[in-house]
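Structure record follows, encoded as structure tokens.
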Amino acid sequence: MCDSCHCTETTKSDSEKKIIEVHESLFAANNEKALANKKLFAAAGAVVINMISSPGAGKTTLLEQTIDHLAGTLSIGVIEGDIETERDADRIRAKGVPAVQITTGGACHLDAGLIHTGMHKLMAQGNKFDIIFIENVGNLVCPASFYLGEDLRMVLLSVPEGSDKPAKYPGAFKTSDLYAITKTDLLPYFDFSMEEARKEALQLNPELQILELAAPKGTGLSAWIDTLQNLINGKN
Amino acid sequence: MHEFSLAQNLLGQLLELAAQHQARKIIRVEVQLGESSNIVADSFQFGFDVLSKENEICRSAKLVLQPTAGNDLILAQVEME
């Protein structure tokens, strides 16, 4: 109301203020793309595993050993995520398996959009896959926040990293289905408590399936291969 | 590490909402931050404060973070004029 004519006009801020209820996830765009990825994975006939760990936990080495064991029986594809270089994809290609390298140029995780592009590139190298591994950027924190459309998420923890890591970095352990403790052949040389590494992860996520692996020595590989086979059988 | 990119996404969404509702200014933004989201509230707030200065519509917007259960980050409510 103004003082001159006693009109009922209110101030601009009162009349034009609006409160909009949104209630939308800031991950919504990523999650929509992840659902689109799921369709691409289904079109390729593939079970998809998202592998998360710190750098150097043994993701690529486990993949190399897996390829050696499954060569000729299953069709495998790999999408590699790193900040720089083609080195991991080159290691996979050297085994005769189609691989796409995504270099994020600094980003600390793969998101569903990057996987969508990577998946189209992988499908240019082969139409059908039994299993596709996504090797995420080496980082135990950020990749856990981004759903890529995967069927199974696995977290790897190597013995040299220490058995206190599940409690310190809970996100990846809470959101994973499978937990591989790697480099168990180094147990005699490190102060690593297998009990702590298992117990604290299970406290975070009682559903976690746990494997103990020393891939280059072949230790635990049959249980790992059985897990993959069950996953593929469950999908078909 | 990705708090800045999430703050960038949020600002993009706010600009879209402002255009949709023909608003000139975003006043207050309420975001629910899940306790298991792996997102550091201070870093997200810092990212928002820095990036919001880049455009006139969001320049004086106040970000209010409400802690919640779960692992999501949800844009709950926006006040604009």
A/Phe146, part contacting chain B, at a heavy-atom distance under 4.5 Å: side chain

Engaged part of A/Lys174 at the chain B interface, taking heavy atoms whose separation is under 4.5 Å: side chain

Engaged part of B/Glu30 at the chain A interface, taking heavy atoms whose separation is under 4.5 Å: neither

Enclosure of A/Glu195 CD (heavy-atom neighbours >12, cutoff 6.0 Å): no

Residues, nucleotides or ligands: over 12 heavy atoms within 6.0 Å of A/Phe41 CZ: yes

Closest-packed option against chain A by number of heavy-atom pairs under 4.5 Å, given B/Asp72, B/Asn9, B/Ile39: B/Asp72

Cationic N near anionic O, under 4.0 Å, A/Arg87 to A/Asp90: no

Charged N-O contact under 4.0 Å between A/Glu80 and A/Lys59: no

